[in-house]
Colleague: 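Mind having a look at this structure? Questions to follow.
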2 protein chains.
Amino acid sequence: MNTDDTVTIYDVAREAGVSMATVSRVVNGNKNVKENTRKKVLEVIDRLDYRPNAVARGLASKRTTTVGVVIPDITNTYFAALAKGIDDIAEMYKYNIVLANSDEDDEKEVAVVNTLFSKQVDGIIFMGYHLTEKIRSEFSRSRTPVVLAGTVDVEHQLPSVNIDYKNATADAVRHLLKRNKKIAFVSGPLVDDINGKIRLVGYKEALKAAGVNYSEGLVFESKYRYDDGYALAERLVSSKATAAIVTGDELAAGLLNGLADHGVSVPEDFEIITSDDSQIARFTRPSLTTIAQPLYDLGAISMRMLTKIMHKEELEEREVLLPHGLTERKSTRKK
Amino acid sequence: MNTDDTVTIYDVAREAGVSMATVSRVVNGNKNVKENTRKKVLEVIDRLDYRPNAVARGLASKRTTTVGVVIPDITNTYFAALAKGIDDIAEMYKYNIVLANSDEDDEKEVAVVNTLFSKQVDGIIFMGYHLTEKIRSEFSRSRTPVVLAGTVDVEHQLPSVNIDYKNATADAVRHLLKRNKKIAFVSGPLVDDINGKIRLVGYKEALKAAGVNYSEGLVFESKYRYDDGYALAERLVSSKATAAIVTGDELAAGLLNGLADHGVSVPEDFEIITSDDSQIARFTRPSLTTIAQPLYDLGAISMRMLTKIMHKEELEEREVLLPHGLTERKSTRKK
DNA sequence: TTGTAAGCGTTATCAT
DNA sequence: ATGATAACGCTTACAA
């Protein structure tokens with residue numbers, strides 16, 4: 001017996017009158033064990049309340065059955081929705097998740113990825129607003145598989161799952177264009193937000209195709225939070241825009257309420273389409289018309305891809321684009 | 001050299017002309033190393049790009065520097081807000097977090113806690129709607145420290161961080177009582193929601209103190225989601241209640257919008273106070289008056305307590321109650 | 001200040 | 001079908 005109460009595979013072996021190898025076999029479901037000894041071992045395991053030590057297992061087998069998930073902000077409904085999908089599939093494939101908050105900070109991002117590596121995670125799901133060169137090089141000099149979720153890689157190096165943000169945005173703008181000429185593009189900080197930039201391209205393309213002039217004065221860059229959207233209302237009003245495509249739901253909710261408090265009624269005087277398709281868009285009054293995107297699936301499928309890579313299975317597609325749409329609610333007018 | 005490219009502490013030792021013990025010492029910041037050798041080792045570590053294997057470290061030291069966090073639903077803004085606080089403090093103390101989703105399911109809860117144990121986490125933060133006997137026994141037969149966050153232990157066995165839900169609710173009801181006689185209590189499923197039950201007690205006490213009769217007909221039990229709240233509106237209308245204390249923000253938002261769609265105006269015809277103090281309460285129109293509670297701190301302080309226990313420091317208090325209040329917004333009338 | 005060597009609790013490779 | 005035994009990469013007495 002040990003000095004403390006931790007019971008090891010060795011205790012079980014001795015108690016069951018077999019070798020630790022055999023115990024290991026039954027624990028791991030190896031077929032090469034006589035039914036009788038399996039029973040006996042199982043009985044001892046139960047009696048001693050033996051629980052395999054996953055750390056020792058990880059060291060010996062070089063597989064930890066845990067994956068790292070890098071998330072910029074857990075309280076962001078968009079990322080939380082993806083995380084839910086990731087988690088469900090991870091559980092399905094018996095992986096645990098170590099959550100690494102990057103706080104939208106480039107340096108911290110590198111730091112957490114490194115501790116993830118040191119923890120010997122079997123794979124990583126990465127969510128972020130962009131891919132720095134630094135993080136890219138961290139990924140490439142490691143053999144640990146990485147899949148991007150809701151994060152596009154403009155260099156097409158890493159496997160990823162996204163929707164076509166450019167066309168989704170263009171579709172939304174086109175919808176607005178039916179009844180508006182001056183359409184604002186409202187987003188968070190674009191400097192290091194790849195998705196945001198791609199959306200801006202979609203915005204421009206839609207305008208161009210409709211023969212509407214693009215004006216920088218109609219691009220409003222701020223932060224992603226509710227209060228930022230609220231504060232933006234005033235500027236939107238003086239811009240004479242009559243509609244806006246907004247790249248985040250909290251931001252859109254803030255803008256909506258801010259507009260209302262400036263006496264602008266949505267959708268009569270001003271139309272809004274938001275982009276995240278999170279629950280928030282349903283809570284506001286009027287409820288927000290939004291680009292439709294399968295948040296849960298974005299996460300779920302990225303995790304599924306990761307399991308395939310970890311298990312050395314063939315990947316049909318390295319860059320998955322999920323379908324998008326438009327959910328019309330009350331912040332846009334009919335026809 | 002190894003066959004594959006993983007560089008170990010042994011490689012560094014050989015390359016630097018010292019023993020692995022010395023390398024271990026510099027990696028762990030042990031003072032007993034001559035400045036010169038430290039420099040040399042550090043140089044080699046850098047050159048070889050050596051990264052300590054946390055799994056091996058964990059096995060040898062019996063400390064993994066990771067804590068498990070059990071969360072019923074990551075997309076729930078309430079829990080996500082706590083998780084943020086937990087995560088920030090964990091990072092501050094150099095702990096990583098393995099997130100375990102319990103899905104509000106008793107069996108799954110036990111399962112995830114067990115895999116957390118098998119992963120040798122140094123501690124656990126537990127969030128849930130209640131504490132089953134099963135989970136309680138899992139916790140007590142393990143030496144791994146556990147702290148409850150936003151989860152009360154009616155048996156006062158486990159350390160916890162909460163607000164005084166009973167009095168917070170009573171305060172809110174008292175506020176409603178100034179202008180209403182028929183006040184509804186709207187909650188999620190009470191069967192296994194300890195906090196909900198405690199809130200109900202607060203509701204009853206406030207009524208009693210005001211000499212208002214308690215009526216079961218004014219207690220509305222449903223689920224916690226937006227749609228459930230929305231659906232409840234009709235029943236609330238026919239109950240003749242003129243106000244409601246609601247135990248969840250999504251639920252309250254649904255109720256609010258449902259009421260509006262039934263031609264009931266809030267706060268003129270009906271007053272609502274919600275309980276979570278999450279962002280959601282600010283997004284709705286009218287915005288929701290809510291019990292004020294320090295969500296982030298609830299998580300942060302529970303994690304701080306856990307670090308103290310893990311480091312064998314003294315705990316001043318085993319059951320922390322954080323202050324609560326009332327944030328008046330637009331779903332209640334003035335005076 | 002530094003080195004030696006015995007674990008830590010498994011898995012995995014050979015034998016048998 | 002089962003058992004020895006050597007890794008796995010590190011920490012930690014204990015010596016020196």
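So you know, we letter chains A, B, ... as the sequences are listed, proteins then strands, and number each from 1.
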Colleague: Treating B:Asp105 as the side-chain partner and B:Glu107 as the backbone partner, does any N or O pair qualify as donor plus acceptor under 3.5 Å?
Modeller: yes
Colleague: Which is true for A:Val18 with a 4.0 Å heavy-atom rule: it touches a base, it touches only sugar-phosphate, or it touches nothing?
Modeller: sugar-phosphate
Colleague: Assign a letter to each nucleotide of nucleotides 10-16 of chain C from its 5' end: B, base within under 4.0 Å of a protein heavy atom; S, sugar-phosphate only; -, no contact.
Modeller: BBB----
Colleague: Answer yes or no: does a side-chain N or O of A:Thr6 lie under 4.0 Å from OP1 or OP2 of C:dG9?
Modeller: yes
Colleague: Check the distance between D:dT12's C1' and B:Lys62's NZ and give it to me in whole angstrom.
Modeller: 13 Å
Colleague: For A:Tyr78, give me all partners under ring-ring contact (aromatic ring centres under 6.0 Å, His included), at least two apart in sequence or on another chain.
Modeller: none
Colleague: How long is the gap from CZ on A:Phe139 to CD1 on A:Ile135, to the nearest 0.5 Å?
Modeller: 4.5 Å
Colleague: Taking atom P of D:dA16 as reference, at what distance in whole Å does atom CG of B:Asn32 sit?
Modeller: 18 Å
Colleague: Can you find a side chain N or O atom of B:Lys31 that sits less than 4.0 Å from OP1 or OP2 on C:dT1?
Modeller: no
Colleague: Does A:Thr22 put a side-chain nitrogen or oxygen below 4.0 Å from OP1 or OP2 of D:dG3?
Modeller: yes
Colleague: Using salt bridge (charged side-chain N to carboxylate O under 4.0 Å, His left out) as the criterion, point out the one residue from B:Glu314, B:Glu313, B:Glu316 that pairs with B:Lys308.
Modeller: B:Glu316
Colleague: Is the ring pair A:His311/A:Tyr93 parallel, tilted or perpendicular, if the boundaries are 30 and 60 degrees?
Modeller: tilted
Colleague: Is there a donor in the side chain of A:Thr132 and an acceptor in the side chain of A:Asp106, or the other way round, less than 3.5 Å apart?
Modeller: no
Colleague: Rounded off to whole Å, could you give me the CZ-to-P distance for the A:Phe117 and D:dG9 pair?
Modeller: 17 Å
